[in-house]
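Order of appearance sets the numbers: ligands from 1, and atoms from 1 within every ligand.
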Amino acid sequence: MQTRVVPFTDASIAEAARLILDGQPVAVPTETVYGLAADATNAGAVARIYEAKGRPSFNPLIVHVPHITAAERIGDFRAEARALADEFWPGPLTLVVPLRANAGIASIVTAGLPTIGLRVPAHPAMQALLRAVGRPLAAPSANASGGISPTRAEHVLKSLNGRIPLIIDGGATPRGLESTIVAATGGALRLLRPGPLEIDAERDTAGNIEAPGQLASHYAPSKPVRLNATSSKRNEYLIGFGRIDGDANLSPSGDLIEAAARLFDLLHQADASQKPRIAVAPVPDEGLGQAINDRLRRAAA
Ligand code: TXA
Ligand code: MG
């Protein structure tokens, strides 16, 4: 794939919106760092973010929306969360709030969690893109896994060249630091990640998941999970992959993007089934398969 870098104009935003509606991830500046944005309602598109970043694990992603009204359709804002949103949005603040039922967000975005990180960015390029796409955009920082967050289009190009179709160049990002993350999920506000804003909330280290897999409350099924199953035993709900079919199949054709896109849905489905145990067919440990296997090992632990 060839990666093109284009200046921020009406035409480049229209092109980026077309690519995103077609299920591709596109790099775009925000006031904090460049984000790699994909349609948050399309699980396959979000799986492509992980594929492009080469990330060996899943992390819940921040969902960007153009205004508070759009955020309130997706998340459940109590008074304290709403007060922070009123004060700091649009801006470099991410609020983690309970996810509303039927919000239409793909489960891979929150990595199966019942909460969601929401942000109304101020940058004109990201604002224009959100309005052109008309859907919420999931966007982690636009760097390859393990790299430094990009504050210029050149940083994105160096990190993701050949892995994404388009980079919108809006110059250096004004803040240069990832957003402040505050959890407002009940009880006191918790600071999950310090950032450009000074906010009076207790620093929370248990819920801080900057390092891959650090999240204490990461979604795990309530039932025992057996991995590398080639067939189901009695009382097992088998999640198949490729030719190993089961009660459900991550991807009958063995496509890892499809499997990543369906993973959290099928884990929830298996958890909700009548059967007391879960088994999962082997998934090749390459590319996105590494992130899938990381999640499965945690589910089984
Ligand atoms: O400034 C930013 O926040 C940039 C721009 C692109 O918006 N984005 C960014 O995303 O830094 P990322 O994926 O690199 O970092 C997102 C952080 C991760 O530490 C993730 O675990 C946390 O947000 N996060 C997202 N949803 C969460 C949730 N439901 N609960 C707890 N933490 C969450
Ligand atoms: Mg990052």
Side-chain angles (χ1 to χ4, degrees), residues 25-38 40 46 49-50 52-55 57-66 71 74-76 81 88-100 103 105-123 125-127 129-130 136-151 155-156 159-160 167-168 170 173-186 189-197 201 204-219 264 291:
V26 168
V28 57
T30 80
E31 70 273 38
T32 57
V33 300
Y34 275 72
L36 186 57
V46 177
I49 291 178
Y50 282 97
K53 283 177 69 94
R55 203 161 195 288
S57 61
F58 294 108
N59 209 13
L61 302 178
I62 295 170
V63 170
H64 301 72
V65 288
I74 299 172
D76 187 3
F88 294 109
W89 280 353
L93 171 69
T94 296
L95 287 167
V96 172
V97 295
L99 175 63
R100 283 190 190 281
I105 301 296
S107 64
I108 186 175
V109 170
T110 58
L113 291 174
T115 57
I116 185 160
L118 287 164
R119 179 157 103 81
V120 175
H123 197 287
M126 185 54 139
Q127 270 290 338
L129 187 61
L130 284 164
L137 296 176
S141 52
N143 51 276
S145 173
I148 303 165
S149 289
T151 58
H155 301 162
V156 182
S159 195
L160 296 176
I167 300 169
I168 304 282
T173 60
R175 301 280 191 158
L177 197 64
E178 296 96 336
S179 61
T180 302
I181 305 181
V182 175
T185 51
L189 295 174
R190 288 169 299 130
L191 180 66
L192 299 187
R193 180 172 74 183
L197 302 176
D204 184 322
T205 40
N208 187 320
I209 37 173
E210 286 271 60
Q214 290 292 289
L215 182 63
S217 59
H218 218 307
Y219 172 74
F264 293 100

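The distance from ligand 1 to the heavy atoms of Thr115 drops below 4.0 Å at these ligand atoms: 28 (C), 29 (N), 30 (N). Every atom of ligand 1 is numbered from 1 in the order shown, and the set under 4.0 Å from a heavy atom of Ala139 is 6 (C), 8 (N), 10 (O). Each of the atoms 31 (C), 32 (N) of ligand 1 lies under 4.0 Å from some heavy atom of Leu192. Short contacts between ligand 1 and Thr32, defined as distances under 4.0 Å to a heavy atom of the residue, involve ligand atoms 1 (O), 2 (C), 4 (C), 5 (C). Distances below 4.0 Å separate heavy atoms of Ser179 from the following atoms of ligand 1: 1 (O), 2 (C), 3 (O). The contact set between ligand 1 and Val33, taken as ligand atoms under 4.0 Å from a residue heavy atom, comprises 4 (C). Within ligand 1, the atoms closer than 4.0 Å to a non-hydrogen atom of Arg119 are 1 (O), 5 (C), 7 (O), numbered from 1 in the order shown. Close approach of ligand 1 to Glu178 is summarised as follows: ligand atoms under 4.0 Å from at least one heavy atom of the residue are 1 (O), 11 (O).
Comparing heavy-atom distances from atom 25 (C) of ligand 1 across Gly35, Gly117, Pro60 singles out Pro60 as nearest. Of the candidates Thr180, Val97, Leu36, Ile181, Ile181 brings a heavy atom nearest to atom 17 (C) of ligand 1. The heavy atom nearest to atom 13 (O) of ligand 1, considering only Pro29, Pro150, Ala37, Pro140, is found in Pro140.
The distance criterion of under 3.5 Å between nitrogen or oxygen atoms is met by Asn59 with respect to ligand 1. Some N or O of Arg193 is nearer than 3.5 Å to an N or O of ligand 1, by distance alone. An N or O contact shorter than 3.5 Å links Ser141 to ligand 1 by distance.
Looking at Arg119 and Glu31, a side-chain N of the basic residue comes within less than 4.0 Å of a carboxylate O on the acidic one, giving a salt bridge.
Side-chain contact check for His64 versus Leu130: some heavy-atom pair is nearer than 4.5 Å. Side-chain contact check for Leu61 versus Val46: some heavy-atom pair is nearer than 4.5 Å. Side-chain contact between Trp89 and Val65 is absent, with no heavy atoms from C-beta onward closer than 4.5 Å.
At least one donor-acceptor pair under 3.5 Å links the side chain of Tyr50 to the backbone N or O of Asn59. For the pair Ser141 (side chain) and Asn143 (backbone), a donor-acceptor distance under 3.5 Å is absent. Judged purely by atom type and a 3.5 angstrom limit, Arg100 has no side-chain atom pairing as donor or acceptor with the backbone of Ile74. No donor-acceptor pair under 3.5 Å is formed between the side chain of Ser107 and the backbone N or O of Phe264.
Residue Arg175 places no heavy atom under 4.0 Å from ligand 1. For the ligand labelled ligand 1, residue Ile116 lies inside the 4.0 Å heavy-atom shell.
In this structure, a donor-acceptor pair under 3.5 Å is absent between the side chains of Thr32 and Ser179.
For the residue pair Thr185 and Arg190, the shortest heavy atom distance occurs at OG1-NH2, 3.0 Å.
Here the CD1-CD distance, from Ile62 to Glu178, works out to 8.5 Å after rounding to the nearest 0.5 Å.
The Mg ion (ligand 2) has no N, O or S atom of Ser149 under 2.8 Å away, backbone or side chain.
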